[in-house]
Structures are given as structure tokens and as C-alpha cells.
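One structure below.
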Amino acid sequence: MNALSEIKSRFSSVLSEFVDDPTELLNMIRPAGDPKFGDYQANCAMPMGKRLGKSPREIAAELVNRVSLDDFCETVEIAGPGFINLTLKDDWIKQILTAALLDDRLAIAKVANPKTFVVDYSSPNVAKPMHVGHIRSTVIGDAISNVLRFVGHDAISDNHLGDWGTQFGMIIYGYKHFLDREAYRTAPVTELGRLYKHVRKLIDYHAAVAQLPEAEAKLAELKTTLAELVSREPSGDKKEDKQHNKQIKLLSDKIAEHAERIESLMDKVNEVKNTPDLKSQSERHSGINQAVLLETAALHEGDETNKKLWEEFLPYCRQDIQKMYERLGIKFDYELGESFYHEELANVVSDLEAKGFTKESDGAICVFLDHHDAPMIIQKRDGAYLYATTDLATIKYRIDHFNADACLYVVDHRQSEHFEKLFDVAKLWGYGDAELTHVAFGTVMGPDGKPYKTRSGDTVGLAGLLDEAESRALEITRNQNPDLPDQRHKEIATVIGIGGLKYADLSHNRGSDYEFNYDKMLALRGNTATYLQYSYARVQGILRKTEADVEAIRANPSAFEFELDIERQLAVKLIRFGEALDEVLVEYKPNFLCNYLFELSQLFAQFFDQCSVKDAGSESLKTSRLQLCVLTARTIKTGLGLLGIGVLDQM
RNA sequence: GCCCCGAUAGCUCAGCUGGAUAGAGCAAUUGACUUCUAAUCAAUAGGUCGCAGGUUCGAAUCCUGCUCGGGGUGCCA
């Protein structure tokens, strides 16, 4: 039962008498912006007034007269220019609360028309260590899938692994030339990881050596240009001088950027040069960059040795990734990686060709699109396919095989142009009926406001990130509650460490970049997982101290009483859980659920402060408050659960 | 050059399908622990919502221009 949708449905028929499609007007019914205006407000009378040539207040009065709300709205008031303010009847609120107590789903109705969603998220490159960039996709995608399922949709999570790329060429090359057999036998995952990093290092070295002269020449050229610009006399024309200064600034920035790049290249060169082993290897493997590409190409063309090695490596690589998902508590329904679509790529191209959508350009097979200057290239000049091709094959498979009504891609916002083109081509191709959505998210920034990197400029590894979050959480819980046994501290640290990390991500609007900060994500106060988890633990404390029998309470609810206003406020918040879930799904934004849970927890903290359960004035009031406690705990637990975050009975 | 995104309190960020005095947390100041966990609560202070126009009964939200920042931009993913 959802108060907002109930109100909307009551208004719907009446509004239909005034307009053809009341959808827009119904969207103007919303939770009240201020408690003094009641619980909900309908703002539709103002725009109607204009359209119907009557005063908005007149319209409002007419609406109020005609809409039947008596059974669950206490007062219906017209205020200001024509706002209709609605206050729910306490009895109705209590009825919903009772239903929620009795129901395992907290009386959240399932959607009338369930759809099939395929949610594509996480999608790391197998054989490369997972890094900070993967958490957002993983955590947001998981939360969205969970919410979709909870409200009754069929959500299929699919981890589109990068398991067919150049990184395998690197490992294969490494295996053939640098393998430590003993290490491979005892710890294959570690050894494969070492091989990847080793080959990567040599490749980066050669690439850097090749790029340095050009980069330095470019830097010198930029510096000369800058010197010329600086030496030029001001013209006296204001606009021109401003333009001139702007160019100087732009150029200076560019020079700084270039210098930084050269420094990073130098680091890579020096590391190899200063390590005798690496130096001699780099000399012996001078053609490694090309050789790795050839190994990859051989794999793709079905070379037996390489195919066999790939089959041997893949389970080890997956095992490594799996460890990370276990720590994060994430599971996928499918993990159909790029390799799964390999056989289909030629068909994708030939089908699009047959349908006349392609055009050859500079030897590549392209699909040209309106609104985009550059075409989508689906086959390279050398005959190889691209990720665009794989993505098209994937859409076809998801729609044909899973009967997907919607495909969601939880991927970095930098790929938005790629997805625009991809979806355009998919529509041309005949897959336009399904909803195709790029659920984009921003970059994780470091304290300097730049993308989060280690001091040496590498991306931050995910494993280390989780370790750090947990160890900081451990320190916090030890300080906070020294009496608990250490084993308990470790359990708590895992739940609040991982929870804090996930929540920090989910509570921000996914579209924005956000600053990664351990202290903030693990802070004990404020909008953090810890605060919500603490609210839950406090409820459990009450239940323990009052020796409440939760099962009995749930099976046989008593009457609710609102003695203080905060009890009613908490109650109203509790019955709005479903609205929060609906909000999440409008634009696939989990931060709406975070907001809701935070506000719920804040209200509970006030309730906790003002309303003693143990020493309530009467037995009936005590039971009523216990019931509010039980519902609060269940809502927080369920809500955090949908976000992939755990709770603790004691912390 | 072209395309996309952003600019809200000292800091980190919500709010953006137009709604009533613009919110939260942190930091600052002040009060509340013999009490169901103070990992808490209450209170004070803090704003030209980048700038300038426009649409509207009403604009942080929509439109146009500008400034500043970030990202992307045919054979990587």
C-alpha cells in the first residue's frame, strides 16, 4: 500500500473529466515540502486555472469537492494560490503499519506489469587487477538490480567480462617467455598476475622509449610558441588582449600537462633501465609490443596453443575476480564475457550489411548516423572487430534470448557517446522496442580533485582499497567499544568498512564525480552507512533490553498509538518506503533510497531521544513503540540490504 | 573546431519531469549522558543557487548568451 499512488489514483478519475491525459497533473501531487502543509500536496490546480479560465482556488475547491479521500485523509485544505494540502488520517497510517508488520515485504506492492531487465555492470577486464574505477559500476548496478527485483521486476544481472582482449596476449606471451613453473604450480593466480604486470612493464618501457623523442619535441615546440606569445606587445584592443591572455593560459596548462606526461614516461623508462634484470630482458624482447598483438590475433583466429592456454588461464583469472565479489557480497546471474559473442561478430556485420545500413570508409565498415559526425565502426580495415561489434551482438542476444524489455548499462559517463551511437545502430537494426539506457556515473576523485590515483600515478587497486577501509573500520570499532571481543571487532569492521565504502558511492548522485575520502565514508555521524547501521543496532538494543518477542509482535500486532508528534512522523516515514523505491527506479538513482534511509534514521534517533520504550507510560504505548521499533529495524535492514549493505545487532 | 556534463553555505554534497521562507552532513559556537548504545539529540550561525537576459501566477530547476572547470571526439575499451 502506497499513500502517494493511492492519492494519485483517487485524483486520476476526477482530473480526467477536465483533461484528456492527467498524467502530467498527477505528477504534481507529491509529498508536502513542509510538515506544516500536511503530508501530501497537490499542485495541479494552478496550471489548470490558466487552461480553464477560472481562478486556481476555484478549481482547487471543485477538485476537493469531487475527489473522494474521506476514508484516509483527515483534512483537505486549500492554501495560497491554490495548493491542495492533504493530511493522512492516523487510523489509515496505523492500518498500513499493521499490514507492514504482518507482511514479509513490509506491505510493498509488486508492480502490476513486471518487465525483464538485463543489467550490465562491473564488467572488469579479466587478468587485470580490479581498481577503484570498478566499484561504482559494481555497487550501483547491484543496487539497481536488487531494487528492480524487490518491486517485482525480473532483473537479470550480467557481468560482461573483458575476457578476450589484448591482456590475454600479454599473459600468453609472458607464459611462453617468463614463466616460473614452480610458482605457477603452487599459486597460479599470483603467477599469472605477475606475468601480466611484468609484460606490461616491458611494453610500457618500449612504448615510452618510442614516444619520448616526439613528446619532448612537442614540449619544446609548445614552449617556443609560448615564448612568442608572451613577448608580443599588448595591442591595446581590450578584446584582443583578453583573447591573447587566454591563449597564454591555455598553452601554459598544456605545457604543464605535457611535462607531467614526459615525467611519467621517464619513470617507466628509468624503472627498467635501473633494474639490471629488466634491462637485459627489455633488450632481448625488443619486439614485445608487436609480438603481444600477434599472440592476441592468433588467439582470435583460433590458434590451438593459444586457445588452450586461454582456456587454462580463464578459470584462474575468474577466481581472482570472484574473491573480490565475495568480499563485496556481489553475485551475478550471468557472466557472459566478450568471448561469448566472438562467433557472432561476423554475423552482426553481414546482417547490417545485408540490410543496407553500412558503408565502407577508408577500408573500414561503418554505420553512419544522424547527429554524429563520426560513424560507428563495426569492422576495422584489417578485418578485426571492435567493442562496438561485440556490444551489438550482446544487445541482440539479450533481447532475443532473455526477451529483455530493457537493457541497462552501468558504465562510466565517458562512454556516453559510444552508447548513444550504439543505441542508434541497435534501433536501426530493429531492436528499438526495448528500452536501452546508459546508466552513467562520474569519476572517483582523489583529495586533489583529480581522478583518484596512487602517488606513482597508477590507478588505485580495489583489493587495497577494501583492506584499508576494513582496517580503518577496525580501529574505529576498537576505540568505540573496547569491551567487545576482538573477533567481534573484526566482524563489525568488515560490515561497516565495506558498507561505508559502498554507501559513500551510492549516496551521491551517480552522475556527479565524487571525492573519495576514508574519513568521511567511515564517519560515525552524518549521512553514512555507519549512522544507519547504528540506528539498527540501537533498535536491537531496545528489543534486547525489553526482552521483546519480535515474532509474536509481528504475528499478532496491537493498536498503534501516537502520543508524541515524533511517533507520527516516524510512522509516516515508515509507510513511505515504497515511494523511495519508486523514486530510485525513475532514473535508476540509488541515492534516493540512501536519502530515505538517512531521514528515517534521523527520525528514529529523535524518537529514541524523546520516547522511552522500556518506560512508556502504559503497556499499550510500550507495545505500540515496540512495533515502531520493529518496523524501523526491518525497513533499515531491507533498505540497506537492497543497497548491498549489511547490518549488525550490536556495534 | 564540434559534442556532452558540471558550477548551490568555509568544505563534501543533496535538491533539477517548475511550486510555498533553498536542504543535509562536516567544520564553528552553545546546551543535554545516575537513562532502551552520547557511534546520539537539541539550538545558533553560515547563501547574489557562476554571470546576464528571457518564459511563467511562481525559476536553483525550463530557454538563450557569456565566464570558468571536466570529459569525449573513425579504426583502444
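- Rounded to a whole Å, the OH atom of A/Tyr503 is 11 Å from the C1' atom of B/A24.
- For the OP1/OP2 pair of B/U37 and a distance below 4.0 Å, the side-chain nitrogens and oxygens of A/Gln650 include no atom meeting the criterion.
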> In the 5'-to-3' direction, what one-character label does each nucleotide of nucleotides 8-17 of chain B receive under the scheme B = base within less than 4.0 Å of a protein heavy atom, S = sugar-phosphate only, - = no such atom?
Replying inline: ----SSSSS-
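- For A/Ala537, the side-chain atoms get nearest to B/U37 when compared with the rest of B/G25, B/U37, B/C41.
- A parallel orientation is assigned to the rings of A/His300 and A/Trp164, their planes being inclined by less than 30° (bins at 30° and 60°).
- Comment: A/Lys622 does not engage A/Asp615 in a salt bridge, judged by the lack of any side-chain N to carboxylate O separation of less than 4.0 angstrom.
- Note: A/Tyr514 and A/His508 have parallel aromatic rings, judged against thresholds of 30 and 60 degrees for the angle between ring planes.
- Counting to the nearest Å, the P atom of B/G25 and the CG atom of A/Asn527 are 9 Å from each other.
- The residue A/Gly541 sits close only to the backbone: its heavy atoms come under 4.0 Å of sugar-phosphate atoms, none of a base.
- For the pair A/Lys545 and B/U37, the criterion of a side-chain N or O lying under 4.0 Å from OP1 or OP2 is met.
- Centroid-to-centroid, the aromatic rings of A/Tyr531 and A/Phe598 come within less than 6.0 Å.
- For the atom pair OG1 (A/Thr296) and CD1 (A/Ile171), the distance works out to 10.5 Å, reported to the nearest 0.5 Å.
- Within the nucleic acid shown, A/Asp519 has no heavy atom closer than 4.0 Å to any nucleic acid atom.
- Rounded to a whole angstrom, the distance from the C1' atom of B/G47 to that of B/A22 is 8 Å.
- Of the C1' atoms belonging to B/A59 and B/C2, the separation is 30 Å, rounded to the nearest Å.
- Of the P atoms belonging to B/G50 and B/A60, the separation is 10 Å, rounded to the nearest Å.
- The same atom, C1', is picked in B/U8 and in B/A14; the two are 10 Å apart, to the nearest Å.
- Atom CD1 in A/Ile566 sits roughly 11 Å away from atom C1' in B/C41 (whole-Å rounding).
- Taking the C1' atom of each, B/C13 and B/A9 are spaced 11 Å apart, rounded to whole Å.
- A ring-centre distance under 6.0 Å is not found for A/Tyr588 and A/His438.
- Using a 4.0 Å heavy-atom cutoff across all strands shown, A/Gln540 reaches no nucleic acid atom at all.
- With a glycosidic angle no more than 90° from 0, B/C33 adopts the syn conformation.
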>> Could you go through A/Lys490 and A/Glu470, starting from their C-alpha distance and side-chain angles, then the distance that decides it, and tell me whether this counts as salt bridge (Lys or Arg N to Asp or Glu O under 4.0 Å)?
In response: CA-CA 8 Å; A/Lys490 285 180 180 150; A/Glu470 287 186 3; over 6 Å; no
>> Please encode protein proximity along nucleotides 72-77 of chain B as a string of B, S and -, counting only heavy-atom distances under 4.0 Å.
In response: SSBBSB
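- Note that CE of A/Met521 and CG of A/Asn527 are 13.5 Å apart. Values are rounded to the nearest 0.5 Å.
- In this structure, the OH atom of A/Tyr534 is 7 Å from the P atom of B/U40, given to the nearest Å.
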> For A/Glu491 and A/Arg488, what are the C-alpha separation, side-chain angles and deciding distance, and is it a salt bridge (Lys or Arg N to Asp or Glu O under 4.0 Å)?
Replying inline: CA-CA 5 Å; A/Glu491 290 164 24; A/Arg488 191 81 194 108; 2.7 Å; yes
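- In this structure, the aromatic ring of A/Phe83 is positioned over the six-membered ring of the base of B/A20, centres within 5.5 Å and planes within 30°.
- Taking atom CE on A/Met28 and atom C1' on B/A20, their separation rounds to 13 Å, with Å as the unit.
- Looking at heavy-atom distances under 4.0 Å, A/Cys611 makes contact with a base.
- Between A/Arg538 and B/U40 there is no side-chain N or O to OP1 or OP2 distance below 4.0 Å.
- Checked for salt-bridge contact, A/Arg414 and A/Asp412 meet the test: a charged N lies under 4.0 Å from a carboxylate O.
- Residue ring and nucleobase are not stacked for A/Tyr531 and B/A39 under a centre distance beneath 5.5 angstrom and an angle between planes beneath 30°.
- Put simply, CG on A/Leu570 is 15 Å from C1' on B/C41, counting in whole angstrom units.
- Counting any heavy atom pair closer than 4.0 Å across all strands shown, A/Lys36 reaches a base atom.
- For A/Phe357 against A/Val367, the heavy-atom pair with the smallest separation is O-CG1, 3.6 Å.
- Counting to the nearest Å, the P atom of B/A42 and the CD atom of A/Gln610 are 8 Å from each other.
- Using C1' as the reference atom, B/C68 and B/C51 are 10 Å apart when rounded to the nearest Å.
- For B/G23 and B/U67, the C1' atoms lie 27 Å apart once the distance is rounded to whole Å.
- Close to B/A39, at under 4.0 Å from its OP1 or OP2, lies a side-chain N or O of A/Gln480.
- Aromatic rings of A/Phe423 and A/Tyr409 (six-membered ring for Trp) have centroids within the 6.0 Å cut-off, being under it.
- Among the atoms of the strands shown, none is found under 4.0 Å from any heavy atom of A/Thr546.
- Counting to the nearest Å, the P atom of B/A39 and the CE atom of A/Met651 are 10 Å from each other.
- Nucleic acid contact class of A/Gln602 (heavy atoms, under 4.0 Å, all strands): sugar-phosphate only.
- When ring centroids are compared, A/Tyr518 and A/Phe516 come within the 6.0 Å threshold.
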> Pairs counted as Watson-Crick or G-U wobble with both distances under 3.5 Å: what dot-bracket string results for RNA chain B, using | for bases tied to another strand?
Replying inline: (((((((..((((.....[...)))).(((((.......))))).....(((((..]....))))))))))))....
>> Quick one, A/Arg544 with A/Asp649, criterion salt bridge (Lys or Arg N to Asp or Glu O under 4.0 Å). Give me CA distance, side-chain angles, the key distance, then yes/no.
In response: CA-CA 10 Å; A/Arg544 267 196 307 278; A/Asp649 286 350; 5.7 Å; no
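- Each of A/Phe607 and A/Pro47 lies near RNA chain B, and the nucleotide nearest A/Pro47 is the one positioned closer to the 5' end.
- Only the P atoms considered, B/U48 is 16 Å distant from B/U61, to the nearest whole Å.
- Of the listed residues (A/Asp505, A/Asn591, A/Val439), just one forms a side chain to side chain contact (heavy atoms under 4.5 Å, CB included) with A/Arg510, and that residue is A/Val439.
- In this structure, A/Ser612 and A/Ser416 both approach RNA chain B, and ranking their closest nucleotides by distance from the 5' end singles out A/Ser416.
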